2 protein chains.
Amino acid sequence: MARTSGSTASETGPKVAQAALRLFAQYGYAAVSMRQIAQDVGVQAGALYNYVPDKQTLLFGLLRDHMTDLLAARKLCIQSDDPGQALLTFVTFHIDFHLARPEAVFLSYMELRNLTAENFAVIEGLRKSYERELEAIIAAGCDQGYFDVRDAKIAAFAVIGMLKELQTWYRAEGRLDAKEIHALYWEMIAKMVGMARSA
Amino acid sequence: MARTSGSTASETGPKVAQAALRLFAQYGYAAVSMRQIAQDVGVQAGALYNYVPDKQTLLFGLLRDHMTDLLAARKLCIQSDDPGQALLTFVTFHIDFHLARPEAVFLSYMELRNLTAENFAVIEGLRKSYERELEAIIAAGCDQGYFDVRDAKIAAFAVIGMLKELQTWYRAEGRLDAKEIHALYWEMIAKMVGMARSA
DNA sequence: CTTTTATTTGAACGTGTGTTCAGTTAACGG
DNA sequence: CCGTTAACTGAACACACGTTCAAATAAAAG
């Protein structure tokens, strides 16, 4: 047997990425075999290599695309000169973007160590450039007297940590919807950075 | 060849656990082979099975011991009826305990999904009982009017998240020592829970 | 010194791994 | 309808995996 009826690269290609994303997120990169991915796609393992040079590059592609999407979406946010507004925008954007793609987010946190050194450096660079935006907002808010934190870098880490943890407990069918989560987190974060009651 | 000179179970046993902890934390459970662990111990792979029934149980044992240690150490904390003091104690304890054993902490966050369903349930139960302590402290502080948070459960998650993130950036040789980290995190957390300026 | 016990080796088992590729069939272009 | 290209199969490669176990040696006990 050979080419299967109805098969086109434009359909199989995305299926490969989706299956890999799903399986890597669920079981971990090292625990998922190319044959499992192939089965999920509905194809033999050999066929995957029409779409991906190797397993490592498959993982890297998923992480890089996720980070690229994140930064691209972030650029579309309306940026504000007011630090309070800028922080609110960042937090709201972060929550929406991340809650919408839990698997990619999970993968990006969990599988960094399975990247080669070179690939890791690329992803890490993208991640840092995102997190530095938050740090810059907090630092600016301090300089301008809107916020009150002793260490902007640590405060940024704290906010990132809070938001990361959100990923671990949020369920779409859960007690809180996105709107309530926005409100709760914004309340906590605004207090934490000592935001003056204006904005 | 067979038994090597100087070999005793009381030395090799702990070595196995240490090597597994180190390697699992660094490369991930699925990516580390029993032969790698054996090499780190300085022994052939077969010898590991004098100390561990299988790889899964080895992982489970590491995680369970970590959680057991955590809960035991926590019990030794002096508990306070004052919510502010109780929260401060919790935060300080958490930071000290976790910064002292980064590998076990990392493993406990990363390798939960590589546990069998039964083993996972055990670890998850231990973890929840720890995190519920924090939630109870925050809830009590709210009830008694010391704290001001809209949702104690979410606030507890937020604090846990902040502290988890600390693990990812802290380096012993870094800019901040434990004392400064205590102060910075306590400041942020006290503000976040809307703590009245007394305690 | 002899016997017993503790500890490890080294080979083997069956299975699974990522990856390659010649061969085969489906879809497409002329 | 034919030739070309696109897509996939299925087998194979060399190697690594977790685990078992008889045999062998070291340490401990008597």
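Treat the numbers as computed from the prediction; the structure is a model and nothing was measured. Order of the sequence lines fixes the chain letters, A, B, ..., with proteins taken first and strands second; residue numbering starts at 1 for each chain.
Side chain of Asn50(B), nearest nucleotide from dA26(D), dT8(C), dT19(C): dT8(C).
No side-chain donor-acceptor contact under 3.5 Å links Lys153(B) to the backbone of Arg132(B).
Contact annotation for Ala9(A): backbone-only contact, meaning every heavy-atom pair under 4.0 Å involves sugar-phosphate atoms and none involves a base. Contacts of Val32(B) with the nucleic acid, taken as non-hydrogen atoms under 4.0 Å apart, involve only primed sugar atoms and P, OP1 or OP2.
Rounded to whole angstrom, the span from the CD1 atom of Ile37(B) across to the P atom of dT19(D) amounts to 10 Å. The interatomic distance linking Lys15(A) (NZ) with dC8(D) (C1') rounds to 13 Å, in whole Å. Atom C1' of nucleotide dA12(D) and atom CD of Gln44(A) are separated by 14 Å, given to the nearest angstrom. What separates CZ of Arg35(A) from C1' of dA12(D) is a distance of 10 Å, to the nearest Å. Distance OH (Tyr51(A)) to C1' (dT9(D)): 13 Å, rounded to an integer number of Å. If you take CZ of Arg3(B) and C1' of dA27(D), they are 5 Å apart, rounded to a whole angstrom. In this structure, OH of Tyr49(A) is placed 7 Å from P of dG18(C), rounded to the nearest angstrom.
Residues Phe157(A) and Tyr170(B) keep their aromatic ring centres 6.0 Å or farther apart. A ring-centre distance under 6.0 Å is not found for Tyr130(B) and Phe97(B).
Closest-nucleotide positions on DNA chain D for Thr8(B) and Tyr29(B) were compared, and the one nearer the 5' end corresponds to Tyr29(B). Both Lys55(B) and Leu48(A) lie near DNA chain D, and the one whose nearest nucleotide falls closer to the 5' end is Leu48(A). Across the interface with DNA chain C, nearest-nucleotide mapping of Ala47(A) and Met34(A) shows Met34(A) to be the residue nearer the 5′ end.
A sub-4.0 Å separation between OP1 or OP2 of dT8(C) and a side-chain N or O of Thr12(B) is present. The phosphate of dA16(D) has neither OP1 nor OP2 within less than 4.0 Å of any side-chain N or O from Ser33(B).
If you check the side chains of Thr57(A) and Asp54(A), you find a donor sitting under 3.5 Å from an acceptor.
Under the rule for a side chain to side chain contact (heavy atoms under 4.5 Å, CB included), the partners of Ser80(A) that lie at least two apart in sequence or sit in another chain are Asp82(A), Gln85(A).
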